[in-house]
Student: 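Dropping the structure in here first, questions after.
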Amino acid sequence: MSAPGAVDRPSLALLTDLYQLTMAYGSWRTGTANREAVFHLFFRQHPFRGGFTIACGLADVIRHVEDFRFVPEDLAYLATLPGGDGRPLFGDDFLAYLGDLRFTGQLDATPEGTVVFPNEPLIRVQGPIVECQLLETALLNLVNFQTLIATKAARVCLAARGEPVLEFGLRRAQGVDGGLSASRAAYIGGCTATSNVLAGKRFGIPVRGTHAHSWVMCFDEEREAFRAYAEAMPNNCVFLVDTYDTLEGVRHAVEIGRTLREGGHRLLGIRLDSGDLAALSTAAREILDAAGFHDAAIVASNDLDEQIIASLKDQGARIDVWGVGTKLVTAYDQPALGGVYKLAALRSAGGPWEHRIKLSEQPIKVSTPGIQQVRRYERDGQFVGDVIYDLGAAPDGDWVLVDAHDTTLERRFPTQLPHRDLLVPIFRDGVPVYAAPQPSEARKKAQEELGRLPAACKRFLNPQTYPTGLERGLYDLKLSLIRRARGAAA
């Protein structure tokens, strides 16, 4: 599968922040480059003030890690970078080391389409610390944006209540890479199709589209424009009816629809792109039905998002298909997820793991130590709680969840309660061991996962908080490390 970016090349190792390379140089110079580390990629808050998030971007992570290498042109560029004294920032011997570097570690991740929650690791990377750090920026870039857009798409599709949602956002997307990544993520999040033809080719997404206002404006009359289009593409007639007078446009579409029917074709529908969509769709439905075009769909666009769609549904709008563009592919109301990548454990060759923790005056920014996994419990086919635990200290017997939002609240999960661990093996010793599902399969998974999430967690206004938190033993470990670190700093 091709990467979604504008440039296809063997490696994007330079898709990183400079400090990753300066830290790598420091580790190499001090002889600690092969010290084994564990990092976790996670986010701290749901986007859009929602109650769930959809994991996305793993397929591109796999390709990036598999292809990771510094090619000669990369090394030649790095050789030109100056330090503060004007001398080369990196020596030739270090650049030669980078030239031989490949990912040799372990990577576990949550499959695309999985419903996930704050502070749960979406990816766990274990290996030589230099390798882990040099992957950080790219992994965040690939996962943050696609997870954000997949979540936005899922919300829009929930608002549409089962009616098809078409992604129309390419022309407003943040560049070529943003447009392709957004189309892919929106499809996984639940959209039925895209207008983005390149995304259709690369990712197997159904593509949809008919004509724009400019087609109508090229003719002296709207009726003439519809007739010409119908003669050219009788199997693709969804007429855009609001170039001049919307309801008159619907009547013209009906007239040409009769001609299509006589020729053995059918009027697929009309599209509304402006005005009072609730009132216009109701009036348009009456015109279409009166003319016998009961199966002609009404497609609506015009800066839609989940809030507007929900409002139109509540107003009784007669819209069958929703075209959503700008506010979907740009995540208009929250343009970044804010995922982070934090060190949680270290060890020297043959030594025991040493847990690591980052403190902060902001409690939300205090990291969690350990080699983390997420266990999801279910009851009667519904998700009931997620427990983050340390792989090296899984409890015997029942599991106790310390609530992430109220540490005085605990939940007990019996051992016989159905459960699964969310992070699955992706790389072992640098070798990929996981075949990424096609976007259509990830899309199906997202729909299944949302179907098993409590309805109250999916509402847009004040969603119920899904139970997540640390396993009792991991919580106690974290608390002890916080006290020790604060005591040492005092």
Side-chain angles (χ1 to χ4, degrees), residues 38-47 50-65 105-126 132 135-136 138-151 153-154 181 184-185 188-190 337-342 344 368 370-378 383-391 404 418-428 432-439 441-453 457 466-471 474:
V38 173
F39 285 79
H40 299 99
L41 186 155
F42 61 96
F43 61 93
R44 297 186 176 112
Q45 294 178 314
H46 286 303
F52 68 89
T53 299
I54 302 292
C56 196
L58 178 58
D60 294 322
V61 165
I62 293 171
R63 185 189 180 199
H64 179 77
V65 174
Q106 329 306 321
L107 189 149
D108 296 72
T110 301
E112 291 186 294
T114 302
V115 171
V116 291
F117 300 92
N119 300 307
E120 298 180 351
L122 305 188
I123 297 178
R124 183 179 70 239
V125 183
Q126 177 180 333
C132 296
L135 290 176
E136 174 180 352
L139 266 55
L140 286 167
N141 178 276
L142 293 168
V143 171
N144 273 339
F145 180 68
Q146 291 196 51
T147 296
L148 183 74
I149 301 303
T151 306
S181 297
R184 181 183 186 278
I188 289 174
L337 177 64
V340 294
Y341 186 90
K342 296 299 179 183
T368 298
I371 304 173
Q372 298 166 33
Q373 174 63 279
V374 183
R375 179 156 295 185
R376 174 161 295 166
Y377 284 91
E378 304 174 16
F383 301 150
V384 295
D386 286 10
V387 183
I388 303 169
Y389 72 97
D390 186 340
L391 280 174
H419 60 266
R420 77 179 196 271
D421 286 350
L422 299 189
L423 296 170
V424 301
I426 309 297
F427 284 83
R428 286 295 176 264
V433 295
Y434 175 86
Q438 292 299 311
E441 298 173 73
R443 178 178 182 271
K444 181 180 179 182
K445 181 178 181 64
Q447 293 171 332
E448 292 173 347
E449 293 261 314
L450 286 169
R452 299 168 73 181
L453 184 67
C457 297
Y466 177 82
T468 63
L470 303 183
E471 183 272 323
L474 181 56

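Throughout, residue positions are numbered sequentially from 1 according to the sequence presented.
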Student: Testing the basics here: between Val116 and Glu120, what is the closest heavy-atom pair and its distance to 0.1 Å?
Tutor: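 Nearest pair, atom of Val116 first, then Glu120: CA-OE1, 4.0 Å.
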
Student: Atom CG in Leu453, atom CZ in Phe52: separation rounded to 0.5 Å?
Tutor: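 These two atoms lie 7.5 Å from each other.
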
Student: Is Pro111 close to Val424 at the side-chain level, that is, under 4.5 Å between some pair of heavy atoms?
Tutor: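 Result yes, sub-4.5 Å side-chain heavy-atom pair found.
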
Student: Any sub-3.5 Å donor-acceptor pair from Glu471's side-chain atoms to Leu474's backbone N or O?
Tutor: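 Confirmed, Glu471 side chain pairs with Leu474 backbone.
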
Student: When rounded to the nearest 0.5 angstrom, what distance separates CG in Leu135 from CG in Leu107?
Tutor: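 It is 7.5 Å, given to the nearest 0.5 Å.
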
Student: Write down the atom of Ile388, the atom of Pro121, and the distance for their closest heavy-atom approach.
Tutor: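 Nearest pair, atom of Ile388 first, then Pro121: CG2-CD, 4.5 Å.
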
Student: Taking all non-hydrogen atoms of both residues, which atom of Tyr389 and which atom of Asp421 are closest, and how far apart?
Tutor: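 In this case the closest contact between Tyr389 and Asp421 is OH-OD2, 2.7 Å.
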
Student: Report the relative orientation of the aromatic rings in Phe383 and Tyr466; use parallel for angles under 30°, tilted for 30 to 60°, perpendicular for over 60°.
Tutor: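 The rings of Phe383 and Tyr466 stand perpendicular, inter-plane angle above 60°.
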
Student: Looking at Ala154 and Ile54, what are the two nearest heavy atoms and their distance?
Tutor: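 So the two residues come closest at CB-CG1, 4.0 Å.
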
Student: Between Gln146 and Asp60, do the side chains contain an N or O donor and an N or O acceptor separated by less than 3.5 Å?
Tutor: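 Side chains of Gln146 and Asp60: pair found under 3.5 Å.
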
Student: Knowing that exactly one of Arg376, Arg375, His419 qualifies, which makes a side-chain hydrogen bond (donor to acceptor under 3.5 Å, both in side chains) with Asp386?
Tutor: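 Looking at Arg376, Arg375, His419, the match for Asp386 under the side-chain hydrogen bond (donor to acceptor under 3.5 Å, both in side chains) is Arg376.
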
Student: How many angstroms lie between atom CD of Gln372 and atom CZ of Phe42, to the nearest 0.5 angstrom?
Tutor: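 One gets 7.5 Å once the value is rounded to the nearest 0.5 Å.
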
Student: Determine, step by step, whether Val125 and Leu41 satisfy the side chain to side chain contact (heavy atoms under 4.5 Å, CB included) criterion, reporting the C-alpha distance in whole Å, the side-chain angles of both residues, the deciding distance to 0.1 Å, and the verdict.
Tutor: CA-CA 8 Å; Val125 183; Leu41 186 155; over 6 Å; no

Student: Answer with yes or no after comparing the ring centroid distance for Tyr341 and His40 against a 6.0 Å cut-off, counting only values under it.
Tutor: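 No; His40 has its ring centre 6.0 Å or more from that of Tyr341.
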
Student: Checking Asn119 against Thr368 for the side chain to side chain contact (heavy atoms under 4.5 Å, CB included) test, could you report, in this order, the C-alpha distance in whole Å, the side-chain angles of both residues, the deciding distance, and whether it holds?
Tutor: CA-CA 9 Å; Asn119 300 307; Thr368 298; 5.9 Å; no

Student: Side chain to side chain donor-acceptor pair (under 3.5 Å): which pairs involve residues 106-118, sequence neighbours left out?
Tutor: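 Residue pairs passing side chain to side chain donor-acceptor pair (under 3.5 Å), neighbours aside: Gln106-Asp429, Asp108-Arg124, Asp108-Arg428, Glu112-Arg184.
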
Student: Roughly how far apart are Ile62 CD1 and Leu142 CG, rounded to 0.5 Å?
Tutor: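 Spacing of CD1 (Ile62) from CG (Leu142) equals 11.0 Å.
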
Student: Check this for me: Gln45, atom CD, are more than 12 non-hydrogen atoms of other residues, nucleotides or ligands nearer than 6.0 Å?
Tutor: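 It does not: Gln45 CD has 12 such atoms or fewer within range.
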
Student: Within this structure, what is the CG-CZ distance for the pair Asn144 and Phe43, rounded to the nearest 0.5 Å?
Tutor: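 Result: 10.0 Å between the selected atoms.
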
Student: Find the distance between CG (Leu139) and SG (Cys132) and round it off to the nearest 0.5 Å.
Tutor: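 Separation between the atoms: 10.0 Å.
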
